[in-house]
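In what follows, a single structure is set out as structure tokens and then discussed.
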Amino acid sequence: MSGRWDAVVVGAGYGGATAAALLADAGLRVLLVDKNARAGGKALVAERAGARFDLWPIAGGPAQGSRFGELAARIGLVPDRVVLTPEDTCEFVHVDGGVRRSFTVPAAPVHDPLAVARMFERLSVRPEQLGGLFLMGLHARCMSEADLDALDTTSALEWLGRFRLPGALFSYTAALLNLLFVVPLDRLPASEAVRTLRSFHAGGAGRYHAGGFGRIAEEAARFVGRRGGRFVSGTRVAGIRVEGGRVAGVSTDRGDFDADVVVSNAGIQPTVLGLVGAERFDRAYVERVRSLEPSWAFVGVRYHLDRPVIERPMTVAFSDASWWDTERFERARAGRWPDEPLLFVTVPALWDPALGSREVPQVALVGTLGSPDPTSPMNDEAVARAEAFARRLWPELPRHVRARHVFSARDVSALSRDAVVPGQGGECIGIGQLIGQCGRTKPSARAPLPGLYFVGCDAGGWGCGTHQAVESGFAVARMVIEDAGG
């Protein structure tokens, strides 16, 4: 690892792994460093006793036409073999007064109005009640970029209210947006919601990756080595060095490495306030960074089952009280929970059978919304509520649990994001896609310090979760190359 590098990328989550692979492909000598044993970040795949599994529920969208397929092709994978989109990906379950209604949504986009009507009939929504839904879709498809930018300060909750959706259909849409962005609907910009819903309408939903969701990140990290760079795992970056008013490299627990470019996938707050140091930046910039709010956390439990129990690779369960705005979140934090919390359940072996084994044919991951604060007692209650709801949906589940592992904001923070601001660190996505820190007001991926760039979900980019991270990786790699004169 000795010698000078053209670029050091800190963190091998999907943003960092994408940027590193693309920079290496462009001919730069790249060092990719991560504190974990393998690439993947919040999408990291664990391995135990020869079995591979995700650490918490994760899936992606859009299913078709996403930048994941483009990334896979760039690093030598065959997209059709690694990007999995089964015919019936997701089951939505609406619980109302003890009555359970459900319908399935395929990964492929659904453009037939009659097929849409048949899906929502399962929620007892009559065809004549779907006018608002189709009007909403028409508005979204016809908006120009300028129209979308104008919605940066309009909340998704306000925008949805314009279309007078019937109760169960409104709750379905609100729950879906909660899961896509993990923020309160009264603070989610409508511009972000509409852009993402349009991409799902065009490309479908429910993408998964053969070998585990983080596999493409793992392959991107290996690609860096094949292009003359190096991926160094199990190595913690202690600081980003600055000399002469610009980036000079990084210091790690394995020594110092010189580079004129550092791309940080560690998060904008941990980078500015921790790895570089607030004294290197203008006071107003530091205060802006410090004030940025995180997304909520996603917490729950991972069950290793001795027989198949769940039929669909992805399940979303909700009631009319499950979706959250700021007021509903605060009620839950104060202990006043809905009877049915919003539930997101994935079973990776139903996407990729190779992820199952004879002893553990299914690993079921059950998650719900929680606090990003790793010390919050709210998350213990959230896990308990999620488990109770899951047992109602699948009564046979407890009889077939071989092992049970809770995941909470503490685990997310330990695995991916150092907590440098009180109450943060365990967030699901990163900086929250909130009004005032999203769209045109989102922090720039170019830091004020020459040679420093941010990649991932904290700066630039749009979309849900890992799609946003990969999109940012493409954008930041392009920035670095342009700033270096091509």
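In this text the structure is predicted, and so the values were computed from the model without any measurement.
- Partners of Asp34 by salt bridge (charged side-chain N to carboxylate O under 4.0 Å, His left out), not counting sequence neighbours: none found.
- Looking at residues two or more places apart in sequence or on another chain, you find no salt bridge (charged side-chain N to carboxylate O under 4.0 Å, His left out) involving Arg280.
- Sorted by first then second residue, the ring pair (Phe, Tyr, Trp, His ring centres under 6.0 Å) pairs that include residues 260-287, not counting sequence neighbours, are Phe281-Tyr285.
- Under the salt bridge (charged side-chain N to carboxylate O under 4.0 Å, His left out) criterion, Asp25 pairs with Arg74, Arg227, not counting sequence neighbours.
- Residues Tyr453 and Asn265 bring no donor and acceptor atom of their side chains to less than 3.5 Å of each other.
- Residue pairs that meet the side-chain hydrogen bond (donor to acceptor under 3.5 Å, both in side chains) test with at least one member in residues 6-22, sequence neighbours left out, are Tyr14-His209.
- For residues 173-186, no residue pair satisfies the salt bridge (charged side-chain N to carboxylate O under 4.0 Å, His left out) rule, not counting sequence neighbours.
- Looking at residues two or more places apart in sequence or on another chain, you find a side-chain contact (heavy atoms from CB on, under 4.5 Å) between Ala419 and Ser413.
- Lys35 pairs by the salt bridge (charged side-chain N to carboxylate O under 4.0 Å, His left out) definition with Asp418, not counting sequence neighbours.
- Between Asp483 and Arg446 there is a salt bridge, since at least one side-chain N of the basic residue sits less than 4.0 Å from a carboxylate O of the acidic one.
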Ignoring hydrogens and angles, write down the donor-acceptor pairs under 3.5 Å from the side chains of residues 462-478, residues two or more places apart or on other chains.
residue, atom, partner, partner atom, Å
Gln468, OE1, Lys442, NZ, 2.1
Gln468, NE2, Gly463, O, 3.3
Ser472, OG, Gly456, N, 2.8
Ser472, OG, Gly456, O, 3.1
Ser472, OG, Ala469, O, 2.6

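- With sequence neighbours excluded, no residue forms a side chain to side chain donor-acceptor pair (under 3.5 Å) with Ser408.
- Partners of Arg288 by side chain to side chain donor-acceptor pair (under 3.5 Å), not counting sequence neighbours: none found.
- With sequence neighbours excluded, the residues satisfying ring pair (Phe, Tyr, Trp, His ring centres under 6.0 Å) with Trp296 are Trp324, Phe329.
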